[in-house]
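Input: a single structure, listed below in structure tokens.
The residues of the chain are indexed from 1 along the displayed sequence.
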Amino acid sequence: MSELAAEAVARASTYADDQGLHTLLSRLRATGPLHRIESDDYDPFWLVTRHADILAIEKDAARFINAPRQALLSLKQQAATRALSGGADAGQMMRNVAGMDGDDHRAYRDIAQSYFTPKGLTEVVRGIEALASDFVDRMAQSGGEGDFARIAMSFPLRVIMQMLGVPPADEPMMLRMTQQTLTSEDPDFQAEGGPLAALMEAFGHFAAIVTDRRANPQSDLSTVIANARINGEYLPMPDILGYFFVVATAGHDTTSYAMTGGMLALLENPSEWEKLRADPSLLPNAVEEILRWTTPVKHFCRTATEDCELHGNRIRKGDILMLNYPSANRDEDVFQEPFQFRIDRKPNRHLAFGTGPHVCLGQYLARFELVSFFRELISRTDHIELAGIPRRVEGTFVGGVKHLPIRYHIR
Ligand code: HEM
């Protein structure tokens with residue numbers, strides 16, 4: 001394989017080849033903590049490769065902010081968004097917690113925060129365990145062979161849609177909307193009219209939910225979002241839609257890619273599968289390793305609010321920094337033998353959920369889902385093997401294994 005140039009970190013296809021990606025990232029980590037990337041397709045940005053720097057930047061949230069962009073958008077994507085929206089940038093059309101800073105961010109995050117703590121999730125966990133068992137039943141009943149990605153895509157989707165109170169009939173639309181917006185660079189997930197068209201369609205559904213939950217409050221997360229008030233006022237409609245969007249999208253395909261990638265890692269490392277079978281109490285630890293290994297969110301961006309210096313590089317106010325999580329999670333300075341998948345790795349200070357004030361709101365939910373599913377699967381599986389070639393998402397933002405043919409015998 002020929003050596004990739006540094007700007008390949010901003011190319012969607014790079015992420016479809018895990019080995020090529022990590023060869024590139026290892027080289028970039030070794031040659032410098034920060035790389036200035038300039039290409040014809042993107043605004044120039046700084047690539048941050050090392051665990052310690054990502055940690056420090058995320059914690060320095062006044063100097064490195066989330067507005068006005070959470071992720072890299074190519075110049076082409078930016079132009080397409082402006083053309084379709086009559087000149088507005090994506091960030092102006094809807095606001096969500098991941099794009100806010102300071103007090104604003106805290107106030108918006110507080111709205112749903114208590115729902116997502118381990119205590120807040122107590123009721124939800126029982127439902128998750130029941131669903132994990134249903135989905136493993138589906139595998140058992142479906143003839144001993146199939147694409148594991150279909151199960152992995154449906155289970156976390158069902159969980160978050162149950163929490164939102166969205167009926168099962170709307171789930172295929174929600175899945176399509178997530179894929180067409182968060183993984184819109186992948187040829188399998190293109191929307192007619194682009195990601196913005198998919199977003200507008202979803203907004204129609206969310207707006208109907210808001211009207212309903214104000215008239216008929218229930219005990220679901222949709223009711224919390226639709227009726228949230230700050231300083232006594234309902235949130236502006238674009239912000240409510242942004243809230244629905246971030247919870248409905250961030251809450252499932254990320255977890256799905258941890259499931260598919262975790263399954264692949266276990267199939268490729270049968271001794272780790274056997275360790276888990278022999279001692280299921282290792283599961284929470286194994287899930288941390290799965291999260292490190294798969295790193296479903298590939299990057300978030302920060303923007304500098306002032307001129308500063310990082311490792312001798314002059315960062316200017318307004319400069320964009322790409323925090324590359326797969327790179328941080330293979331950093332040799334933090335992880336011993338980072339390219340070994342070891343379910344009993346301890347400590348495991350991975351950054352799959354980020355850190356600092358924006359640390360993933362759904363981290364405990366995602367962990368519960370992964371532990372519940374793999375516990376059920378491993379306890380009922382007599383045999384499991386790879387039955388074809390896995391395929392990965394082309395995308396710089398969220399991704400992982402999107403097709404995973406397997407053969408199995410499940411009781
Ligand atoms: C394995 C699954 C998941 C991974 C790898 C993941 C990863 C991430 C990452 C890297 C961030 C950015 C953190 C930062 O900027 O420091 C984030 C933010 C976020 N995640 Fe997750 N996530 C997952 C599952 C979920 C779930 C299940 C939800 C449920 C709703 C969720 C909701 C959110 C929200 C709302 C934010 C924005 C938080 C903020 O900006 O304050 N995520 N996630």
For residues Thr260 and Ala152, report the shortest heavy-atom separation together with the two atoms involved. CG2-CB, 3.5 Å
Distance under 6.0 Å and angle within 45° of ring axis: Arg158 vs Phe135: no
Charged N to carboxylate O below 4.0 Å: is that the case for Lys275 and Asp344? yes
Are Asn66 and Arg302 close enough that some pair of their side-chain heavy atoms sits under 4.5 Å apart? yes
A quick test of your reading: do over 12 heavy atoms of other residues, nucleotides or ligands sit less than 6.0 Å from CZ of Arg150? no
Inspect the contact between Glu376 and Arg380 and indicate whether a charged nitrogen and a carboxylate oxygen are less than 4.0 angstrom apart. yes
Taking NZ, NE, NH1 and NH2 as the nitrogens, is one of them in Asp307 or Lys317 under 4.0 Å from a carboxylate oxygen of the other? no
Value for CG (Leu4) from CZ (Arg27), rounded to nearest 0.5 Å, stands at 7.0 Å
For Gly261 and Val401, the nearest pair of non-hydrogen atoms, with its separation, is CA-CG2, 4.2 Å
Quick check: do Asp170 and Met161 have side-chain heavy atoms less than 4.5 Å from each other? no
From CD (Gln363) to OG1 (Thr117), nearest 0.5 Å: 11.0 Å
Which atom of Leu291 lies closest to which atom of Ala352, heavy atoms considered: O-CB, 3.6 Å
Looking at Asn329 and Pro326, would you say the former's side chain and the latter's main chain have a donor-acceptor pair under 3.5 Å? no
Separation between CZ (Arg392) and OG1 (Thr294), nearest 0.5 Å, reads 9.0 Å
Any side-chain heavy atom of Val398 within less than 4.5 Å of one from Tyr257? yes
Going by heavy atoms in the side chains, are Asp101 and Thr305 under 4.5 Å from each other? no
Looking at side-chain heavy atoms only, is the closest gap between Val136 and Phe373 below 4.5 Å? yes
side-chain hydrogen bond (donor to acceptor under 3.5 Å, both in side chains) evaluation trace for His403 with Asp147: CA-CA 6 Å; His403 293 298; Asp147 185 352; 2.8 Å; yes
Testing the 3.5 Å rule here: is there a donor-acceptor pair between the side chains of Ser327 and Arg29? yes
Test of ring centre spacing under 6.0 Å for Tyr325 and His299: no
Exercise: identify the closest heavy-atom pair between Tyr115 and Met163: CD2-CE, 3.9 Å
Do Gln78 side-chain atoms and Leu73 backbone N/O form a donor-acceptor pair below 3.5 Å? yes
Report the residues that fulfil salt bridge (Lys or Arg N to Asp or Glu O under 4.0 Å) with Arg349, sequence neighbours left out, ordered by chain and then residue number. none
Please examine the side chains of Leu377 and Ile410, heavy atoms only from C-beta on, and report whether any two atoms are closer than 4.5 Å. yes
Least distance between heavy atoms, His35 atom then Thr49 atom: CD2-CG2, 4.1 Å
Test your reading of the model: is there a side-chain donor-acceptor pair from Ser114 to the backbone of Asp110, 3.5 Å cut-off? no
For Asp40, look at atom CG and say whether over 12 heavy atoms of other residues, nucleotides or ligands are found less than 6.0 Å away. no
Ring-face cation of Arg69 near Phe45 (centre distance under 6.0 Å, axis angle within 45°): no
If only atom types and distance count, is the side chain of Tyr408 paired as donor or acceptor with the main-chain N or O of Met139 below 3.5 Å? yes
Check for a donor-acceptor pair, side chain of Asp319 on one end and backbone N or O of Arg316 on the other, with a separation under 3.5 Å. yes
Sidechain-backbone polar pair: Thr223 side chain, Pro217 backbone, donor-acceptor under 3.5 Å: no
Could you state the interatomic distance from OG1 (Thr295) to CZ (Arg292), rounded to the nearest 0.5 Å? 8.0 Å
Residue that, paired with Arg342, satisfies salt bridge (Lys or Arg N to Asp or Glu O under 4.0 Å) out of Glu272, Glu337, Glu289: Glu337
As a quick check of understanding, evaluate side chain to side chain contact (heavy atoms under 4.5 Å, CB included) for Lys298 and Asn324, giving each step before the final call. CA-CA 6 Å; Lys298 308 302 170 192; Asn324 194 291; 5.9 Å; no
Could you pull out the closest heavy-atom pair between Val393 and Lys402, with the gap in Å? CG2-CB, 3.8 Å
Check the pair Ile384, Ile406 against side chain to side chain contact (heavy atoms under 4.5 Å, CB included), reporting the backbone distance first and the verdict last. CA-CA 7 Å; Ile384 190 158; Ile406 52 170; 4.1 Å; yes
Applying side chain to side chain contact (heavy atoms under 4.5 Å, CB included) to Val297 and Phe353, what does each step give before you reach the verdict? CA-CA 8 Å; Val297 174; Phe353 291 125; over 6 Å; no
Look at the side chain of Arg213 and the backbone N and O of Gln218, then say whether any donor-acceptor pair between them is shorter than 3.5 Å. no
Return the OG to CG distance between Ser13 and Leu21, rounded to the nearest 0.5 Å. 10.5 Å
Check whether Tyr108 forms a cation-pi arrangement with Arg95 (NZ or CZ under 6.0 Å from the six-membered ring centre, at most 45° off the ring normal). yes
Evaluate side chain to side chain contact (heavy atoms under 4.5 Å, CB included) for Val9 paired with Thr14, printing each intermediate quantity in order. CA-CA 7 Å; Val9 288; Thr14 305; over 6 Å; no
The side chain to side chain donor-acceptor pair (under 3.5 Å) partners of His22 (sequence neighbours excluded) come to none
Over 12 non-hydrogen atoms of neighbours within 6.0 angstrom of OH in Tyr364: no
Do Tyr15 side-chain atoms and Gly399 backbone N/O form a donor-acceptor pair below 3.5 Å? no
When you measure from the side chain of Asn269 to the backbone of Ser271, do you find a donor-acceptor pair of N or O atoms at a distance under 3.5 Å? no
Going by salt bridge (Lys or Arg N to Asp or Glu O under 4.0 Å), name the residues that satisfy it together with Asp103, two or more places apart in sequence or in a different chain. Arg106
Find out whether Asp220 and Leu164 are in side-chain contact, i.e. whether some heavy atom of one side chain is under 4.5 Å from a heavy atom of the other. no
Starting at CD of Glu7, measure out to CG of Leu24 and round the result to the nearest 0.5 Å. 9.5 Å
Can you say whether the rings of Phe300 and Phe397 are parallel (under 30°), tilted (30 to 60°) or perpendicular (over 60°)? perpendicular
Would you confirm whether Asp60, through its side chain, and Ala56, through its main-chain N or O, come within 3.5 Å as a donor-acceptor pair? no
Within the 4.5 Å heavy-atom criterion, are Leu361 and Gln113 side-chain neighbours or not? yes
Between Asp253 and Ser256, do the side chains contain a donor N or O and an acceptor N or O under 3.5 Å apart? no
Please check if atom CD in Gln336 has more than 12 non-hydrogen atoms from other residues, nucleotides or ligands closer than 6.0 Å. no
